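Computed from a predicted model, the values in this text were never measured in an experiment. Lettering of chains follows the sequences in order, A, B, ..., and the numbering in each one begins at 1.
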Amino acid sequence: MSAREEILRRIDGIVPARPAADVAADYARVDRGYARRHHEDGVLDLLAERVADYRATVLRASEADLPRVIAERLAARPGAYGVPSGLPDEWLADVPAELVRDPAVADLDGLAGAVTGCAAAIAETGTIVLDHGAGQGPRALSLVPDYHLIIVRAAQVAPDVPEALERLDPSRPLTMVSGPSATSDIELSRVEGVHGPRTLEVVIAE
Amino acid sequence: MTSQNAMPTYLGMPSFPDAAREAVADARLRGNLAHATGTIRERRAAAVAELDDWEALRESGKQLKDHVLANLGHYLRRLEEKVTEAGGTVHWARDAAEANRIVADLVKATGETEVVKVKSMATQEIGLNEALAEEGIAAYETDLAELIVQLGHDRPSHILVPAIHRNRSDIRDIFRKEMPDAPADLTDAPADLAEAARRHLRAKFLSAKVAVSGVNFAVADTGTLVVLESEGNGRMCLTLPETLISVMGVEKIVPTMRDLEVFLQLLPRSSTAERMNPYTSAWTGVHPGDGPRDFHLVLLDNGRTDTLADEVGRQALRCIRCSACLNVCPVYERAGGHAYGSPYPGPIGAILSPQIRGIGSDVDASLPYASSLCGACFEACPVAIDIPEVLVHLRARAVEDGPRHPVERAAMTAAGWTLRSPARLALAQRAASASRRIVAPRGRIRRLPGPLNAWTETRDAPAPPKESFRAWWARTDGGRTDERTEEGQ
């Protein structure tokens, strides 16, 4: 008997398989008495506060002001920046640094940083979700360089975890980012940056 | 199938009381542990207090996991179908040996002799690194704490913070001795130590062709796998290599993506006391142009179906490996993780290990007793596993199925003989009182004689009273004639 057959036979002998409709009916009865959200108002303020809590830098800008803010952030760190296709060209119009469009994975380690958009953000937890679609690049782009600048549009911000998950497409790869790379493995003192970007900056565009 | 030896007991591991006695005597270990668990307890309490619906989340988490366990065949078949549809390959493993064989063969098929690893309890449980080493494959742990443990030729002592028993100077010493590219002037500042690890592993990440991970959650409805981490080493392993092999216990399923809304709130706050861990990765099969080209999922039984068969004990399979129970446990705080003789330490280890491995050894028979039954673990558990209930249940099983000690049976027979006759009992009580001054000069007995020393291995026994209750009653007519003891006040 194959391992698959044997394991399933053992399981079916303990908890017998039932029609899918019965399983679905049981699933629907699971008690979901928890809150859909924990805060009603001030969602952008909450996101800014919660992201900053992770020792990330948070900036607020109007859509019109975005190019100037992005240019300033990148000017602070010399070097070339990786940018994914699909990121609006006008956002990068004022950037003085060298921009590498869709860099190869092999070249990522030499970059000063990466600039991406996102798919959603969760105010309550200070989390930004990438689904690596247009304007976000493949997963390696926001991982290997030591600096990551994310632009979050106000409309992308969900108040809490349940509403954010509803907006996401599970068939896409998803990366949830809450602050910079961090470890607490040494005497539980938090250190930013082990393997992922040590610096995370977030611009909330309103 | 038997689950005997399904999870290797650490070689030469003494049973819990022996291991704990040694650990309790180690002042530095106790200091490291008390600091760490005390800190994380406070932080966790604050993170949990932020959510006024915590108990409702906990109830949903419990019900969702119970629902999956009650319909496990349905959800496993569904998960297999969806992972396969998305371009992954699903493998099934009855036990540790079979899982290790599958992973080793998959690695060999790539022609590689190195793998990078994301911290994973499942692969520790099956002893994967050791099994790969026997096949000539080097496994590199990439989580900072696991790296410390691996370089220190040590064992993990905590589910979440495996090197919790090491302080910064220990870690600096290990890096200087075992990390060839560590700076000669490496300090013991946590930031410097983390930087050394970053440099040490970076080239490995960028060149690795094969990675091995565990899985926090598998979504049956979509075939999506989810890994939570902090450092980015997980993202490195999950996305940079060409081949990804993920090993998960069959119980790690949630029905739909929506259920992640419950567990993504419960897990980070319970484990690291954060609102959310820095990085969560979710992937569904393979994604052309982004991440591994080849994805394999190994579904591991290894004693889990035996655990499922026990209606009281099966709730241990709800565990989401947050380690909150370790941090609140007075026994863990003093004994440390190594004393539990298994990759799963603490209260959850005390109920999970004997069920996965079977109560066939002294270590496993002793684990259900490695608790004061204070109930703090149950209170802290985000999926409401009633650990004390399972401990008591397993104690009964340990007496029935565990290794039998002839002295225990002899003691019970003698007790029965004594208790059946009032005269014999009175005689025994007088003998006990008379021995008081000899065996317990300060009112405590440090070591009981013969087979009874099992009791005093971990505690002092009170001396027998000066006078038995029955003798006192007879002498004073139930306290009505003379309140003084026979020796006076």
Side-chain angles (χ1 to χ4, degrees), chain A residues 2-4 6-8 10-12 14-15 17-18 20 23 26-27 30-35 38 50 54 105-106 109 122 124-127 132 138-140 143-144 161-162 165 168 170-189 191 193-197, chain B residues 36 39-40 51 53 56-57 59-60 63-64 67 70-74 92-94 98 144-145 161 163 167-168 171 190-191 193-194 197-198 206 222 224 230-233 235-236 239-240 255 257-258 260-261 264-265 275-284 287 289-291 301 305 308-309:
Chain A
S2 74
R4 179 185 189 277
E6 186 169 337
I7 293 168
L8 287 173
R10 288 174 58 84
I11 291 169
D12 291 343
I14 301 162
V15 282
R18 300 184 304 143
V23 178
D26 265 9
Y27 174 70
V30 167
D31 183 355
R32 291 187 189 262
Y34 53 86
H38 294 94
R50 294 283 155 100
Y54 292 118
V105 171
D109 202 25
I122 310 170
E124 171 66 31
T125 59
T127 304
H132 306 285
R139 285 170 280 180
L143 170 65
V144 179
V161 178
L165 283 174
L168 299 170
S171 71
R172 302 203 55 82
L174 301 172
T175 305
M176 301 187 182
V177 175
S178 307
S181 160
T183 183
S184 297
D185 282 341
I186 303 166
E187 296 180 17
L188 293 177
S189 28
V191 176
V194 193
H195 303 300
Chain B
T39 307
I40 204 161
L51 301 187
D53 59 337
L57 281 165
E59 180 61 25
S60 295
Q63 288 190 23
L64 283 167
H67 170 75
N71 299 281
L72 193 55
H74 169 85
W92 300 70
R94 279 168 277 226
E98 196 163 25
L144 178 56
V161 203
N167 62 28
R168 62 184 72 192
I171 296 166
L193 296 169
R198 180 186 179 95
L206 295 173
T222 58
T224 305
S230 295
E231 298 172 7
N233 66 306
R235 296 178 61 195
M236 293 271 182
T239 61
L240 294 181
M257 282 296 281
R258 185 188 173 194
L260 293 177
E261 73 190 24
L264 287 181
Q265 295 188 74
R275 297 186 183 107
M276 192 70 88
N277 49 296
Y279 298 128
T280 298
S281 296
W283 72 98
T284 307
H287 301 274
D290 187 353
D301 179 343
T305 48
L308 184 69

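From A:H195, atom NE2 reaches atom CG of B:N233 across 5.0 Å, with rounding to the nearest 0.5 Å. One distance of note links OG of A:S2 with CZ of B:R94; it measures 7.0 Å at 0.5 Å rounding. In this structure, NE2 on B:H67 lies 6.0 Å from CG on A:D26, to the nearest 0.5 angstrom. In this structure, CD in B:E59 is found 6.0 Å from CG in A:D31, a value given to the nearest 0.5 Å. For the atom pair B:E98 CD and A:I7 CD1, the distance stands at 7.0 Å (nearest 0.5 Å). Atoms CZ and OG, from B:R198 and A:S181 in turn, are 7.0 Å apart once rounded to the nearest 0.5 Å.
In this structure, the portions of A:V177 lying under 4.5 Å from any heavy atom of chain B include both its backbone and its side chain. Using a 4.5 Å cut-off between heavy atoms, A:Y27 contacts chain B through both its backbone and its side chain. Contacts of B:L264 with chain A are made by side-chain atoms alone, with heavy-atom separations under 4.5 Å and no backbone atom involved. B:L240 touches chain A through its side chain: at least one heavy atom from C-beta onward sits under 4.5 Å away, while N, CA, C and O do not. Only the backbone of A:P180 comes within contact range of chain B, with at least one heavy atom under 4.5 Å from a heavy atom of that chain. For B:I171, the part lying near chain A is the side chain, with the backbone staying farther off; criterion is any non-hydrogen pair under 4.5 Å. With a 4.5 angstrom heavy-atom cutoff, A:A20 touches chain B via backbone and side-chain atoms both. Within the 4.5 angstrom heavy-atom criterion, atoms from both the backbone and the side chain of A:T175 approach chain B.
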Practice problem: Apply the test side chain to side chain contact (heavy atoms under 4.5 Å, CB included) to residues A:E6 and B:D301: give CA-CA distance (whole Å), side-chain angles for both, the deciding distance (0.1 Å), then the verdict. | Solution: CA-CA 10 Å; A:E6 186 169 337; B:D301 179 343; over 6 Å; no

Exercise. Assess whether side chain to side chain contact (heavy atoms under 4.5 Å, CB included) is satisfied between B:R275 and A:V161, documenting all intermediate values.
Key: CA-CA 11 Å; B:R275 297 186 183 107; A:V161 178; over 6 Å; no

Quiz item: Can you list the steps and then say if B:M257 with A:L168 is a side chain to side chain contact (heavy atoms under 4.5 Å, CB included)?
Solution: CA-CA 9 Å; B:M257 282 296 281; A:L168 299 170; 5.7 Å; no

Exercise. Could you walk me through whether A:V144 and B:L206 pass the side chain to side chain contact (heavy atoms under 4.5 Å, CB included) test, one step at a time?
Key: CA-CA 9 Å; A:V144 179; B:L206 295 173; 4.3 Å; yes

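For the set A:D12, A:I186, A:V191, the entry with the most heavy-atom pairs within less than 4.5 Å of chain B is A:I186. Ranked by heavy-atom pairs shorter than 4.5 Å toward chain A, the options B:G232, B:A191, B:G291, B:P190 are led by B:P190. The residue among B:T222, B:I40, B:T224, B:L64 with the most heavy atom pairs within less than 4.5 Å of chain A is B:L64. In terms of heavy-atom pairs under 4.5 angstrom with chain B, the leader among A:P197, A:P170, A:G33 is A:P170. Of the residues considered (A:G196, A:G179, A:P173, A:P138), A:P173 shows the highest number of contacts with chain B, using heavy-atom pairs under 4.5 Å. Among B:A282, B:A56, B:P278, the residue with the largest count of heavy-atom pairs under 4.5 Å with chain A is B:P278. Of all the listed residues (B:N71, B:T239, B:L72), the one sharing the greatest number of non-hydrogen pairs under 4.5 Å with chain A is B:N71.
Two residues are said to be in side-chain contact when any heavy atoms from C-beta on lie closer than 4.5 Å; B:D53 and A:H38 meet this criterion. Residues A:L8 and B:W92 have side chains in contact (heavy-atom distance under 4.5 Å, counting atoms from C-beta outward). Side-chain contact check for B:Q265 versus A:E124: every heavy-atom pair is 4.5 Å or farther apart. In this structure the side chain of A:L165 never reaches within 4.5 angstrom of the side chain of B:R258, judged on heavy atoms. Within the 4.5 Å cutoff, no side-chain heavy atoms of B:S281 are placed close to those of A:R139.
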